[in-house]
Amino acid sequence: MSRPPSPTPARWFKALRRTRLGDPCLKTYPLESVDLLRRARVAFQAGRTLKENFRLAQLEAVVQMLEEHECDFVDALGRDLRKSTTLDDCLVISEPLGVVLIIGTWCSPVQMCLVPLVGAIAAGNCAIISPSECTVHTTELLHRLIPIYLDNECFHVILAGMSDLPEVIELKFDHVFFTGNKEGGSKIALAAAHTLTPVTLILGGKNPCYVDQHCDISTTVQRIAWARFHNAGQSLVAPDYILCHTDVKARLVQALKCCLMEFYGSNPQESRSFGRIVNLEIFNRTRDILWRSGKVAVGGHVIEAEKYIAPTVLTDVAESDLVMQKEIFGPVLPILTVNNVDEAISFINKQEKPLCVYAYSTNGKVISRLMSETCSGSFCSNDCILQSVMVALPFGGVGASGMGSFHGRYSFDTFSHKKPCLLRSARFECVTYLRYPPFEDRNLSLMTWASSLSQKSQGWCQIM
């Protein structure tokens with residue numbers, strides 16, 4: 001089927017002008033842009049751009065277009081801008097951004113303040129740290145110790161609540177690094193946008209965990225239970241729900257019961273290895289989600305006075321249940337069933353892009369499909385969380401789970417500006433004079449030749 005012609009730029013801007021003048025026939029082309037966006041999303045979701053040969057073909061097509069229509073582009077540039085169409089060393093310098101703001105989260109109050117701080121220091125920045133108001137004791141400790149150990153002029157700790165942070169950000173920092181939930185991230189990004197401040201957002205979400213019928217159930221359950229229930233489930237990177245193959249659901253639930261007994265005993269409330277919810281607000285939120293979702297297969301016991309929620313496994317969970325609509329910052333693990341890996345991939349791709357995707361299977365093809373056919377901030381097979389602590393790997397979100405990344409070298413890059421530098425000399429003026437007017441055909445052909453030499457000399461560039 002032939003594609004309908006797109007409006008020319010002249011027609012587009014004419015329509016836009018009519019729009020501003022109140023023309024009733026104004027929305028023809030904006031509506032077409034909606035259709036183009038829809039088609040592009042469909043093509044992306046179908047995986048058209050994933051193949052290496054597709055990307056190479058498109059790049060070659062760009063070159064072919066420029067070569068075949070060189071005169072047309074020269075003419076168009078001349079009409080628009082009267083624009084006419086070296087051999088030097090080049091390098092990239094990493095410069096510190098300046099003064100950065102690091103906003104920590106309550107679920108990892110030390111790690112999510114100090115790990116970004118290391119990157120900021122390594123890149124040469126000054127930093128102001130804002131630990132979470134929810135973890136009072138850890139915040140007070142950082143507030144007391146950082147001035148003792150770090151330079152008092154370059155590094156500071158502020159005590160600011162979430163409601164105060166937008167006002168703080170508007171003071172204008174050179175970068176803001178935020179860890180927290182989506183709602184908080186939206187407020188931070190909005191405040192930063194007012195001053196055009198770049199941001200890194202590491203946000204929570206619904207991290208899916210697929211359990212295939214071909215897996216070691218004992219090992220799978222131990223690793224999932226550890227990841228979901230450590231720190232009483234208060235983690236951005238814990239598996240949020242299980243997509244379990246129907247054939248292994250019964251064995252999985254029974255194995256989880258046995259595993260939780262081994263980890264925390266018959267009464268987890270008395271276990272020194274099991275934590276408590278950070279405050280009553282999050283306790284009440286988690287309890288409400290628990291009571292309004294699925295069927296309790298394990299746990300379910302709550303004690304408000306202690307902010308205690310037992311390690312809980314939910315079955316018979318529907319996609320519409322509250323536990324599948326809200327982020328879980330507590331020891332609650334819902335289990336849903338699927339009939340095959342195709343259903344699992346389809347289910348994951350219907351949701352917003354998560355911070356992590358986990359998959360347990362001894363079938364390499366299943367792992368490969370989940371890794372390549374879903375989109376997430378990170379992926380880990382046959383384990384959980386470990387990908388988020390490896391300094392050799394970048395860690396961050398995508399889409400609704402955030403933007404930017406950190407860890408090791410990637411933290412350094414996050415807090416640096418990559419400044420491209422061209423080191424010129426006064427030599428070769430016998431070639432470079434060709435760029436000066438008046439412009440003649442001979443000059444243009446010689447400039448084209450010189451440009452081709454410049455492209456071949458890119459190996460002279462070095463990255464610093």
Side-chain angles (χ1 to χ4, degrees), residues 92-133 139 142-143 146-147 149-204 236 355 377-378 388 391 393-421 463-464:
V92 176
I93 293 177
S94 295
E95 288 188 334
L97 297 176
V99 180
V100 302
L101 175 63
I102 298 171
I103 304 170
T105 180
W106 53 268
C107 57
S108 300
V110 175
Q111 177 189 6
M112 298 312 294
C113 284
L114 298 189
V115 173
L117 176 63
V118 169
I121 293 173
N125 298 280
C126 296
I128 293 178
I129 305 163
S130 177
S132 172
E133 61 184 325
T139 297
L142 289 170
H143 187 261
I146 283 181
Y149 287 88
L150 298 184
D151 185 278
N152 286 185
E153 298 301 319
C154 294
F155 306 102
H156 308 274
V157 177
I158 61 171
L159 306 177
M162 190 64 207
S163 59
D164 303 318
L165 285 172
E167 185 176 350
V168 173
I169 291 171
E170 288 181 1
L171 297 176
K172 180 56 179 171
F173 290 84
D174 296 293
H175 193 92
V176 175
F177 187 102
F178 172 82
T179 310
N181 59 27
K182 181 181 175 182
E183 180 183 1
S186 297
K187 293 178 180 177
I188 296 300
L190 182 61
H194 291 160
T195 54
L196 297 180
T197 301
V199 296
T200 298
L201 303 176
I202 311 296
L203 308 179
L236 293 174
L355 190 58
S378 65
S388 71
V391 295
L393 294 175
F395 183 74
V398 59
S401 58
M403 61 183 72
S405 61
F406 72 118
H407 277 183
R409 171 74 196 199
Y410 304 97
S411 293
F412 178 90
D413 292 340
T414 288
F415 292 108
S416 300
H417 166 61
K418 301 299 182 185
K419 182 168 75 174
C421 300
I463 303 297
M464 292 184 60

Return a table of donor-acceptor pairs under 3.5 angstrom between the side chains of residues 96-118 and protein atoms on other chains or two or more places apart.
none

Problem - Working for side-chain hydrogen bond (donor to acceptor under 3.5 Å, both in side chains), residues Thr200 and His175 - result: CA-CA 8 Å; Thr200 298; His175 193 92; 2.8 Å; yes
Fill in the blank from the handout: Value for CD (Glu153) from SG (Cys126), rounded to nearest 0.5 Å, stands at 9.0 Å
Problem - Spacing of CG belonging to Asp164 relative to OG belonging to Ser130, to within rounding of 0.5 Å - result: 8.5 Å
Problem - Min side-chain heavy-atom separation Val398-Met403 under 4.5 Å - result: no
Practice task
Measure the shortest side-chain to side-chain distance between Phe173 and Val168 over non-hydrogen atoms and say whether it is less than 4.5 angstrom.
Solution key: yes
Problem - From Ile188 atom CD1 to Thr197 atom OG1, the distance as rounded to the nearest 0.5 Å - result: 11.0 Å
Handout entry: Nearest atoms (heavy-atom pairs only) where Asn125 meets Ala123
Key = ND2-CB, 3.4 Å
Completion exercise
On a heavy-atom basis, the closest approach of Gly119 and Ser411 is CA-CB, 3.7 Å
Practice task
Would you give the length of the straight line joining atom OG1 of Thr195 to atom NZ of Lys172, rounded to the nearest 0.5 angstrom?
Solution key: 5.0 Å
Practice task
With the side chain counted from C-beta on, respond yes when Phe177 and Val199 share a heavy-atom pair under 4.5 Å apart, and no when they do not.
Solution key: no
Fill in the blank from the handout: The reported gap from OG in Ser388 to CD1 in Ile202 (rounded to nearest 0.5 angstrom) is 10.5 Å
Practice task
Assess the side chains of His194 and Glu170: does a donor N or O sit below 3.5 Å from an acceptor N or O?
Solution key: yes
Problem - Taking every non-hydrogen atom, the tightest pair across Ile169 and Ala191 - result: CG2-C, 3.9 Å
Practice task
Decide yes or no for Leu236 and Leu355: does some side-chain heavy atom of the first lie under 4.5 Å from some side-chain heavy atom of the second?
Solution key: yes
Problem - Lys419 NZ to Glu95 CD distance, which is reported to the nearest 0.5 Å - result: 3.5 Å
Handout entry: Which atom of Met162 lies closest to which atom of Glu133, heavy atoms considered
Key = N-OE2, 3.0 Å
Problem - Aromatic ring pairing His407/Phe395, orientation class (parallel under 30°, perpendicular over 60°, tilted between) - result: parallel
Problem - Close side-chain approach of Tyr149 to Phe155, heavy-atom, < 4.5 Å - result: no
Problem - Working for side chain to side chain contact (heavy atoms under 4.5 Å, CB included), residues Asp413 and Phe406 - result: CA-CA 8 Å; Asp413 292 340; Phe406 72 118; over 6 Å; no
Fill in the blank from the handout: Note: Thr139 and Pro131 closest approach over all heavy atoms is OG1-CB, 3.4 Å
Fill in the blank from the handout: Shortest non-hydrogen pair, Lys418 vs Val92, comes out as CB-CG1, 3.8 Å
